[in-house]
Amino acid sequence: MPKFIAGIVMLFLSTAAYAEVGNGYVGEKECFACHKQVKVDYQIDRHGRVFTAAPGNDLQAKGCEACHGLGAAHREAVNKEEKDLKIENFKSGKGLPVEQNKRCLACHENAERGFWKGSVHEMSGVGCATCHKIHIEEKRPGMTVCFTCHSDKKAQIQKSSHMPMREGKVNCMGCHNPHGSFGPKMLKAPSINETCYACHAEKRGPFLWEHAVVRESCVNCHDPHGSNNPGLLKSKGPFLCTQCHQYGGHVNMPRYNRASAAYGKGCVNCHTRIHGSNHPSGAKFTR
Amino acid sequence: MAVLLSALPSWGDEKSGNIEKVAELKAGYQVVGDVDSAKFNEYRDIRDGAYLYRLGLSVFDKSSRRYFDFTGTRLFRDDQNALLSAGVDRKWRIELEWDETPHLFSNKARTPYDYQGGGLFTVSATAGVDMTTAGASTAKDTDVADYLAATLHDTALGTQREKARAAFHVNATQDLSFNIEASVERKEGFEVTGAAIGDRPPRAMNTQITEPVDYRTRELNFKTEYVKELYQVQLSYHLSSFENEVDSFTWENIFYNPTSGTFATVEDGGTDRAFSTIGRTSLYPDNIYQNVMLSGGINLPKDSRLNATVSYSLFDQNENLLPYSASSLGTDWDSLGKLPRASADASMDAVYLKADYSITPVGRLGLHAFYSYYGLDNETKTDEWYYATQDAADSGGGVNVNNQRKNLAYSYAKQNYGVDAYYPLRSVRLGGGYEREEVDRDFREADTGEDMLKASLSTRLAGAVSLSLKYLYGDRVANGYNGEVTDESYHFSNAVESGNDRPYGAFGNHPDLRKFDVADRKRSQFDISASAEPMSDLTVSASYSLRKDNYDSDVLSSQPLAGTGYASEAGTTPGDQLGLLKEERRFYSVDASYVPDERLRFGAFYSKEKLRSTQRGIAFDENKRVLATYDWNQAAKQWMATTDDKTDTVGLSVVYVIIPEKLSFKSDYTYSFGTVDIRYTGYGTGLPLDSNTYYYAFADPEKVSHTNHVVNATLEYQAMRNVVVGLSYVYDRYKIKDWMQEPSGGWVEEVDSEFLLRDSSEDTRWGNRLVTLGSLLGPSYEAHVGTVTVAYSF
């Protein structure tokens, strides 16, 4: 029985892989005759395993030619040593990834990738192959890929105050969708705050007493990618508050005459409910 | 479980060669040098002992395309993750995940408080100090220090997140898929907060204390997607329920002398006031969040695509409220009957709309037009609430009540729209764009509108060098700035309020202040990056970016109290903008990779980040605001602070295959050095801290610095075909210097220990003291970690 199943599978594989030979198609076997290293990598790559063993549609069944186009003309051009090799190698666009992206989207324009067109990355000239290896199964942490371009974020996560990114508990894709998004800044939620609430549900409120600047955007005060100030704050405690509060009482100086104003959490030592208060006397977020 | 089992590949098929199995086990023993700092294990769990670094099992049946995967990392530690997934490839998948994340704040914190559960903190004994004017202040300090020395004990300070998640995905047809996911997260532990009693400094007595964290977040996600070649539609629903098991916390006043009666009598600038024997505050309330979203995209002629999203979010919170005060002082302020309503009855909704259209209309010209709207509507009912300040008594012995406040329902609506374009011209890609952002706000100082212009260029020179430039210019204009808008919360009626606090005489803020998030702003952003391959084995890239925000809002001198009849009504403000004035960020980086041969790979990274912000403030006395001696008009009382925040980061790495497929070595080094240097000029600069005249005096604080060196080195030996033996060493050194975390500034001094701080420059009142959990809760450390591992795979 197992032999019978294996036979069926092998028959299926052989027909799937070479079903498209003819009509200008030459099939993977012909491609691999020259592109030997690609064959080695491709066979263990996800694309290779799917296209060869279990194509999901007619396009995938074309193997290499699903993306690179007809092989017969290419073979002929190579044999004649022509300058134009008559194959889509994605180099004709002077490094522009538009054509290559189109090939990828032919199968992958779904889920989060449905927002690729018009995304910040697309408009910046980023291509699928900028981040993904098409022929090689390469396991790199997602952040490593992002840091190739976003070197400022790579440095920021090394700062003293950071989210657990370098410890491997949070990564860029926790908040952002690099393929495009309906949200701002390629975020996965409709707003910055709704992104933050995914982990910080306690700060969601709504509260009886709202701190308007907090409600509008967490990044008014915090830099989520890392900071030299505790709590991912953008400035040292009392200086951050005095950027907006020049009240005539005690908050108009980084140091009032209180031990607590310049120590620990600064103003937040007393204004402990700074994200919003649910106490009937919490108008100033002191409880 | 039955579903999982059904996904298990048939082991009987192994002989046919249809079963692919991969298993990996990596375990070892770890030795950690003595590390006496919570910072080392801030988000991880590295300690002595046996360690199961990784456990993986992957089984795939090629014939049925069933699979089963299990991956466990750092198992049985506080930062473990275990993920099990099974299913039939491209048919269905089930996932079960368990994840833990610690967040350790300190392992050296000490407190006089004992946590009794349910949010109650008690002390075994009170200070028993005569806190009235009759006592000498230094004696009080000494007595409290002695009390702390006798009662302080270690306290845990950190939280632990534990999350369980289950998900099921099914492709019902080739076009239609469903995904459902449920999770429960528990977060427990203690964070740092303040436990203040008293209406305001210097009368408020404060104590750092641990805030109990006992959260449960339950979530449910449902998503369905219909995908055709030309169009795709997604519909999702998200429900998140947050519950805090501790709604409030209550603490005993450690300054309370039981022999003094039912309240504590404490000196207040020459007179005595009564303070409650306990303090109480509300904690984060339970809340429910729901979101439903419909999103779709359609491919149209001319290589174009239209995407559209509609999202609706609902936020609800209806926690029962505490009474105004925990104190029995006065009349019924500790009664719920005095509240205008018994529960928060808070609700908001957010509507998000987005549509964008991409097209290649002519040649290779790409266009992208977009519009988005985010409207947050706060529907929480507004009421009038007494402002009973911090459980302290007024001079008459009742609870100190400072008029009333209205809870304002902040709402805002933001619109963004614009168009981006790019055009490939020979080997150059040119880009440009325009965007406008408009934000309308309720109960904020200003609505804003911003125009943004964008330009970009990218090219590949001589095939080996890539160059990219980007520029953005933004001009944000605040449409009329009303600095008094917050008064709508503070004082609700001229008739009810009396004296100097009447609304028309109040400053919610100094009139020259502009809050930076709603102020005029001119923004410039410039980025340039280049990468090159000067040799086939060498890749070098470099980048520079500049961000400049100028918040100059053309502030003019004003006469805020004109027509009030107050003695200060003729006064005019200096007309110099207060608040954040400028921000600038420069970032430089160089990255190189050198691969001389297949066995050797080097990497290097260096970056420098320089942030500079400039802000202005003014020292003025609120109590003299309307008097003839007012000082809010004096430019001489202005101060400036320039903050330089710099970070240097270095990364080096090497991978060397010493003997191919037998012995390899890899190592990396990371260095991060961050400093925050504040230069303070203007009012009070250099004046003696102990001068009553200049009690606002301030001086340049000591430079803050964080230094972190981390070296990782691993030697791996392939002992057998399936066995790799590894030897690892980690050197991790962290050094911190921070005036906000250690009592080293001129404005604060220790009284016997780091647990009692005092500022004696102005007066002896108890608001100038702070009982702390200890300085530098996560102090410097130097750690060595050695590990022996064995990895077995088949």
Side-chain angles (χ1 to χ4, degrees), chain A residues 2 5-6 9 94-96 110 114-115 117-118 123 125 151-152 155 158-160 164 167 169 182 190-191 201-202 204-206 208-210 212-213 215-216 220 228 237 239 242-244 246-250 252-255 257-260 262-263 269-270 272 278-281 283 286-287, chain B residues 16 43-44 63 101 193-194 196 201 206 217 227 232 242 281-282 284-285 287 297 305 309 311 315 324 344 346 348 352 354 356 358 368 385 388 405 407 410 420 424 427 429 458 460 510 513 515 517 578 580 587 589 607 617 620 622 649 672 674 676 695-696 698 706 747-748 757 759 762 770:
Chain A
I5 294 172
V9 169
K94 307 287 183 189
L96 298 171
N110 60 351
F115 296 99
K117 284 182 181 168
M123 297 305 289
S151 52
D152 55 337
Q158 298 297 335
K159 290 185 179 182
S160 173
E167 289 82 0
K169 304 305 289 186
F182 57 86
S191 69
E202 75 278 11
R204 215 159 40 193
L208 189 63
W209 301 97
E210 291 275 318
V213 70
R215 177 56 67 195
E216 195 163 320
N220 277 326
N228 286 326
F239 288 91
T242 52
Q243 288 175 359
C244 284
Q246 287 294 305
Y247 176 58
H250 56 275
N252 55 348
M253 297 290 291
R255 172 203 172 254
N257 60 332
R258 320 294 166 228
S260 60
Y263 180 80
N269 282 335
C270 290
T272 54
N278 221 43
H279 193 287
S281 283
T286 48
R287 53 187 175 165
Chain B
S16 70
Y43 295 118
R44 58 190 183 185
S63 58
T101 306
T193 192
N206 206 354
T217 307
V227 178
Q232 301 83 38
F242 168 79
T281 190
S282 59
Y284 288 114
N287 68 69
R305 181 174 175 85
T309 299
S311 159
F315 303 72
Y324 284 115
M348 295 189 310
Y352 181 68
K354 183 173 182 184
D356 64 287
S358 301
H368 174 236
W385 308 83
R405 305 286 192 271
N407 60 307
Y410 295 108
D420 294 319
S427 62
R429 185 181 192 276
S458 59
R460 183 171 288 183
H510 192 284
L513 178 83
K515 292 185 177 179
D517 68 317
L578 305 177
L580 183 61
F587 180 81
S589 76
S607 75
F620 69 101
E622 168 78 0
T649 311
S672 176
V676 181
Y695 71 97
Y696 289 115
F698 198 73
H706 304 272
W747 51 87
V748 64
L757 306 182
D759 176 356
E762 165 60 4
L770 180 69

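All chains are named by letter (A, B, ...) in the order of the sequence lines, taking the proteins before the strands, and each is independently numbered beginning at 1.
- Both the backbone and the side chain of B/Asn407 come within contact range of chain A, judged by heavy atoms closer than 4.5 Å.
- Residue with the most contacts toward chain B among A/Lys169, A/Lys117, A/Arg215: A/Lys169 (heavy-atom pairs, distance under 4.5 Å).
- Looking at B/Ser589, only its side chain comes within 4.5 Å of chain A, counting heavy atoms on both sides.
- For the pair B/Arg305 (side chain) and A/Gly114 (backbone), a donor-acceptor distance under 3.5 Å is present.
- Proximity to chain A is limited to the side chain of B/Ser672, based on heavy atoms less than 4.5 angstrom apart.
- Only the side chain of B/Thr649 comes within contact range of chain A, with at least one heavy atom under 4.5 Å from a heavy atom of that chain.
- Both the backbone and the side chain of B/Tyr43 come within contact range of chain A, judged by heavy atoms closer than 4.5 Å.
- A donor-acceptor pair is defined here as one N or O able to donate and one able to accept, closer than 3.5 Å; no such pair exists between the side chain of B/Tyr284 and the backbone of B/Phe242.
- Listed for the A/Asn220 side chain is a donor-acceptor partner under 3.5 Å among the backbone atoms of A/Val213.
- With a 4.5 angstrom heavy-atom cutoff, B/Phe587 touches chain A only via side-chain atoms.
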Begin with the C-alpha distance, continue with both residues' side-chain angles, and end with the deciding distance and a verdict on side chain to side chain contact (heavy atoms under 4.5 Å, CB included) for B/Ser427 and B/Arg460.
-> CA-CA 6 Å; B/Ser427 62; B/Arg460 183 171 288 183; 5.7 Å; no
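- Side-chain atoms of A/Asn228 do not come within 3.5 Å of backbone N or O of B/His706 as any donor-acceptor pair.
- Of the two parts of A/Lys159, the backbone and the side chain both hold a non-hydrogen atom closer than 4.5 Å to a non-hydrogen atom of chain B.
- Using a distance-only test at 3.5 Å, with no hydrogens or angles considered, a donor-acceptor pair links the side chain of B/Asn287 to the main chain of A/Ala201.
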